[in-house]
Visitor: 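Below is the structure I would like to discuss, written out as structure tokens.
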Number of protein chains: 2
Amino acid sequence: MVPRGRPRDAGVEGRVLDAAMAEMRARGYDAISVDRVAERAGVAKTTIYRRWPSKAELVMAMIARLRGGVPFDPSDDPRHDLTELVTGIAATLEALPTTLVADLTAAAAREPRVGESVRALWAERHAAVTAVIAQAQTDGLLPGHADPRVVVDQLVGPLYYRLLITGEPIDPAYVRALVHSTLGPEQS
Amino acid sequence: MVPRGRPRDAGVEGRVLDAAMAEMRARGYDAISVDRVAERAGVAKTTIYRRWPSKAELVMAMIARLRGGVPFDPSDDPRHDLTELVTGIAATLEALPTTLVADLTAAAAREPRVGESVRALWAERHAAVTAVIAQAQTDGLLPGHADPRVVVDQLVGPLYYRLLITGEPIDPAYVRALVHSTLGPEQS
DNA sequence: TCCTTTTCGCTACTCCAGTCGCGTAAATCG
DNA sequence: CGATTTACGCGACTGGAGTAGCGAAAAGGA
């Protein structure tokens, strides 16, 4: 099933995403101009819009390329596992410029397809958190009265809240406090 | 202490904010064009920019005008108080178009002054939540091991998280589940 | 080889945010 | 009164997102 016409230049996608990444590192999200990306990649602006229908989707593709597999093997210590998972999510969020996260959030709210991409990006990790919580409940390490999905929200939601709304720092101590507040005090 | 030159036209502010509100209702945040707002208000665009340095701040002012005082008198039932406070916050968030909240968030991340305004908008309610939690702890109704500020984040953060990130619904049952998960099961 | 199909580069365009400079209107001060 | 100060309207401008149309290039098929 070979397509008919002129084939797409295989190098374009990589060159454009590289150029977009370089632009973002150099100037931040706002200043990513599709015109400049096109120029840097040696490609016409229209070619970019033929592949990615908006700047937001272009940036999404750029981010998605970064996402490596996140290895995680659950131990039998939910406290440790949760701390590790939440720390990983926090680290990923903090590694990106805040304005980028905020702009992607806005783009996700505006365009459902971007929203899907963003959610897909996190799905794996959030599922892992949910699984650890459910396991902790069946093991009796966590009171069973709460909906695991709510607990996930209470562990992950505050990260976004601090990052996007209050601007307060997200440090290891904060992550520990979150897990602490969720699981109750350490019992040694 | 009367200022020197030509006084500002007192009607301008109201007319512009009314026009902006009308534009937002008619078309949504994206489509609020400062040019159209200016035309609708019968005012030059430059006059708008003299008062509000960016479109985001203009919209902020528009929102701030909506915020009435939020009456709240604490009872001696923290569960009830928290439910009421969080429900109020959720209702306010849900009353606004999601894209508007997301765009304001992005604007807040980009421009510190907008961030200040947004935080000021919520300060009163968040302080009330913090106070209720602290009171519940001293009363022994809530385990004292958690930092009240963290608990606030865990009550309020999930609202933003659902609204902006996962897109899941925020209904009364969810708010109850949040409070429930925080305070522990009802003891009757 | 010629025809069709698809990609690509290019130019030109619309719309919007935000800025600048100018002429003028409305106030105060002397 | 005139001089000064500030607000305002107006028009022109920059730069960026996204679109439209055209001609040329690169493939496959007859």
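Worth saying up front: this structure is predicted, and the values here are computed from it rather than measured. Letters A, B, ... mirror the listed sequences (proteins, then strands); counts begin at 1. Side chains included, hydrogens not; waters and symmetry mates left out as well; all remaining heavy atoms used.
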Visitor: Whether Arg36(B) contacts dC16(C) is assessed here as follows: a side-chain N or O lying under 4.0 Å from the phosphate OP1 or OP2. Is that the case?
Guide: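 Affirmative; the distance criterion is met.
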Visitor: Which whole-number value in Å describes the distance from Ile48(B) CD1 to dA17(C) P?
Guide: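 Atom CD1 in Ile48(B) sits about 10 Å away from atom P in dA17(C).
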Visitor: Please identify the 5'-most and 3'-most nucleotides of DNA chain D with any atom under 4.0 angstrom from a heavy atom of chain A.
Guide: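 Counting from the 5' end, contacts occupy dG16(D) to dG28(D).
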Visitor: Give Ile32(B) one of three labels, base, sugar-phosphate or nothing, depending on what nucleic acid heavy atoms sit under 4.0 Å from its own.
Guide: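 Sugar-phosphate only.
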Visitor: Which residue, Ala56(B) or Gly5(B), contacts DNA chain C at a nucleotide closer to its 5' end, judged by nearest heavy atom?
Guide: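 Final value for this comparison: Ala56(B).
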Visitor: What do the steps show when you test Asp153(B) against Tyr174(A) for side-chain contact (heavy atoms from CB on, under 4.5 Å), and what is the final call?
Guide: CA-CA 11 Å; Asp153(B) 292 357; Tyr174(A) 181 66; 2.5 Å; yes
Visitor: Taking all non-hydrogen atoms of both residues into account, name the closest pair between Thr105(B) and Ala102(A) and its distance.
Guide: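 Minimum heavy-atom separation between Thr105(B) and Ala102(A): O-CB, 4.2 Å.
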Visitor: Nearest nucleotide by nearest heavy atom, which residue falls closer to the 5' end of DNA chain D, Ala10(B) or Arg6(A)?
Guide: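 Its nucleotide being nearer the 5' end, the pick is Ala10(B).
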Visitor: Heavy atoms under 4.0 Å, any strand shown: does Arg8(A) hit a base, just sugar-phosphate, or nothing?
Guide: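 It contacts sugar-phosphate atoms only.
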Visitor: Starting at atom OH of Tyr49(A), determine the distance to atom P of dT14(C), rounded to an integer number of angstrom.
Guide: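 Checked: the OH to P distance equals 17 Å.
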Visitor: What contact category does Leu58(B) fall into here, base, sugar-phosphate, or nothing, at under 4.0 angstrom with non-hydrogen atoms?
Guide: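 Contact class for Leu58(B): none.
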Visitor: Should Arg65(A) and Asp18(A) count as an ion pair when the cut-off is N to O under 4.0 Å?
Guide: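 Result for this pair is yes, salt bridge flagged.
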Visitor: Any side-chain donor-acceptor pair under 3.5 Å between Thr182(A) and Gln154(B)?
Guide: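 Yes, side-chain donor-acceptor contact under 3.5 Å.
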Visitor: NA contact type, Thr46(B), heavy-atom cut-off 4.0 Å: base, sugar-phosphate, or nothing?
Guide: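 Base, at least one base atom sits under 4.0 Å.
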Visitor: Once you round it to whole Å, what is the distance between P of dC16(C) and CG of Asp103(B)?
Guide: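 Spelled out: CG on Asp103(B) to P on dC16(C) is 16 Å.
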Visitor: When you match Pro53(B) and Arg51(A) each to their closest nucleotide on DNA chain C, which lands nearer the 5' end?
Guide: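 Final value for this comparison: Arg51(A).
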Visitor: Using the side-chain heavy atoms of Lys55(B), tell me which of these nucleotides is nearest: dT5(C), dC10(C), dA17(C).
Guide: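 Side chain of Lys55(B) sits closest to dA17(C).
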Visitor: Give every donor-acceptor pair under 3.5 Å between a side-chain atom in residues 86-98 of chain A and any protein atom, sequence neighbours left out.
Guide:
| unit_1 | atom_1 | unit_2 | atom_2 | d |
| --- | --- | --- | --- | --- |
| Thr87(A) | OG1 | Thr83(A) | O | 2.6 |
| Thr92(A) | OG1 | Gly88(A) | O | 3.0 |
| Thr92(A) | OG1 | Arg125(A) | NH1 | 2.8 |
| Thr92(A) | OG1 | Arg125(A) | NH2 | 3.2 |

Visitor: Identify whether the distance between the nearest side-chain nitrogen and carboxylate oxygen of Asp77(A) and Arg79(A) falls below 4.0 Å.
Guide: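 No, no charged N to carboxylate O under 4.0 Å.
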Visitor: Mapping Arg50(B) and Arg50(A) to their closest nucleotides on DNA chain D, which lands nearer the 5' end?
Guide: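 The 5'-side residue here is Arg50(B).
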Visitor: Let me have the donor-acceptor pairs involving side chains of residues 3-11 of chain B, under 3.5 Å, with sequence neighbours excluded, atom names and distances please.
Guide:
| unit_1 | atom_1 | unit_2 | atom_2 | d |
| --- | --- | --- | --- | --- |
| Asp9(B) | OD1 | Gly11(B) | N | 2.9 |

